[in-house]
Amino acid sequence: MHHLTKLLSLVLAAALLLSCLPASAEESASHVTYEIYVGAFQDSDGDGIGDIPGLISRLDYVASLGVDMIWLMPIHPSVSYHKYDVSDYYGVDSDYGTLEDFDRLIAECESRGISVMLDMVFNHTGSYHPWFQEASNDAFFNRTGGKADWYVFKDEPDNNYHKVSGCNKYYEGQFGSHMPDLNLSNEEVRAEIANILTFWQNRGVKGFRLDAVTSYYVGANESTAEFIRFVCETARANDPECYIVGEAWTDAQTVLTLYKSGIDSLFNFPAADVNGRFIKGAINGKGMTSATAQAEWNASIREVSPLSVDAPFLTNHDLARARGMLRSKVPNMKAAAMLYLLMPGRPVVYYGEELGMSGSGRDENKRLPMLWSTEETLCNPPRDADQDQRLKEGVDVQEADPESLLNWYRTLIGLRKQAPELYRGTMTALDAGNDAVCFYQVTDTTGTVLVAVNVSQKESAVIDLTNYANASLVGGCGEFTMENASLTLSTVSCAMLRLN
């Protein structure tokens, strides 16, 4: 009989995990991404704004989570707090630091086995970008050169078009007048985008998150897929291992259509947020539907793009924090974490989600300062935030609590490191005979793992393993036992097994 008792401390957990793993498994990647809003993470110079040197000072914490990639929300010069209206694609905003600071970040991440992914906003620039300042000058509307064709202009007003100051021209700006849309069909624009990708890849960037891809060519999915394919091919020509994920905040069918681009991943919006299967499964104590739906989703992706993988998540910087959706109850948060973090693909954790941070309503509230401690001076919240942080147990408190949400996340991500199949493997939903149990197997060329997750907070679950007589226990979360051909999961717990 195998037993997993509750952890006594994080150090003991790490030692136990490493002692039972072969060397090759110790070195395997978790394939988990950690999304960071730099301005809210850690301030190093006392101005109240998080910055790259501050992030560097917290990399040991990031590494302790077990993630192998960080996604930085835009770091380029911008007039906004969120920096999605870029004014220089080749620089670092002075609030965040310098290019030299960024180079040091890359080196420090590499030393910890962490890759850096940058947020790239190619749908639009900021209105203060020199390209737009030149393009919107009357002198260039004769189409004789300059940047006039780098943006989308009309002679008459239209939906999401804005008047050029001082002349009777209108420019497309799907996200507002301060974010003029680029003409992504212009070969000069594409050449510049290729230069931008190369510039950052030469500095050590290993991935790109493509912002707002459904706005590239509104309502024209084939054109959008073609442009995404251009970006992917350009980046992979520089680095065949470059990981690219796109934000397609839309319906499932459109997401699948955009997978025709061959992009590595598109965020799984249909499964996320308050009505997504992970949140609902955790709240309702129904895990089986998550296994069935995710297996079908992964199969649909593979049918369109065989080398692509899913990017499951709970929430991000545009959505309310998961804490509120999960009724501020730690067991609900732990159940949701099991459902999405053990799924095939590359899951994404939004900074502070591993602590249970709060934030809803205005976007600024969803980007509140990382709660390192309630006793420690934090970054200032974004200026227009109108909510306080409801979480009262920061990293310092949760580090010392073996039953904390933080240590739960660490354990789950540690499990992924023992199962390389979870990145690109084929998922098959299995019937555990219990609606509360999310039960499935994932197979790739290296082997097969079984994952069993009990999201019930009321009853333990017993799973018959008669058909898996050669299965051996890898590990799990919470309390569980395995004896002969029977696996027993206590409430809100999971186990991973390997088929030998």
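- The pair Glu376-Arg58 meets the salt-bridge criterion, since a charged nitrogen lies less than 4.0 angstrom from a carboxylate oxygen.
- Pairing each heavy atom of Gly285 with each of Val455, the nearest pair is C-CG2, 3.5 Å.
- Looking at Asn454 and Ser493, their side chains never bring a donor and an acceptor atom within 3.5 Å of each other.
- Here the straight-line distance linking atom CZ of Arg367 with atom CD1 of Ile36 works out to 14.5 Å at 0.5 Å rounding.
- Between the side chains of Asp211 and Asn123, no donor-acceptor pair is found at a separation under 3.5 Å.
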Show, in sequence, the C-alpha distance, side-chain angles and deciding distance for Asp68 and Lys206, and conclude whether the salt bridge (charged side-chain N to carboxylate O under 4.0 Å, His left out) test is met. CA-CA 11 Å; Asp68 64 349; Lys206 297 298 183 183; over 6 Å; no
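- The number of heavy atoms from other shown groups lying within 6.0 Å of CG (Asp388) does not exceed 12.
- For the residue pair Asn434 and Glu459, no side-chain donor N or O sits within less than 3.5 Å of a side-chain acceptor on the partner.
- Between Ile52 atom CD1 and Asp93 atom CG the span is 9.5 Å, to the nearest 0.5 Å.
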Audit row: Asp318, Lys366, salt bridge (charged side-chain N to carboxylate O under 4.0 Å, His left out) steps and yes/no: CA-CA 7 Å; Asp318 288 321; Lys366 304 162 188 172; over 6 Å; no
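- Here Arg209 pairs with Glu247 in a salt bridge; the nearest charged N to carboxylate O distance falls below 4.0 Å.
- Taking the centre of each ring, Trp71 and Tyr350 stay at or above the 6.0 Å mark.
- Tyr259 and Ser300 form no side-chain donor-acceptor contact under 3.5 Å, judged by distance and modelled atom types alone.
- A distance of 6.0 Å or more separates the ring centres of Trp200 and Phe208.
- Put simply, the side chain of Ser30 gets close to the backbone of Gly66: a donor and an acceptor are under 3.5 Å apart.
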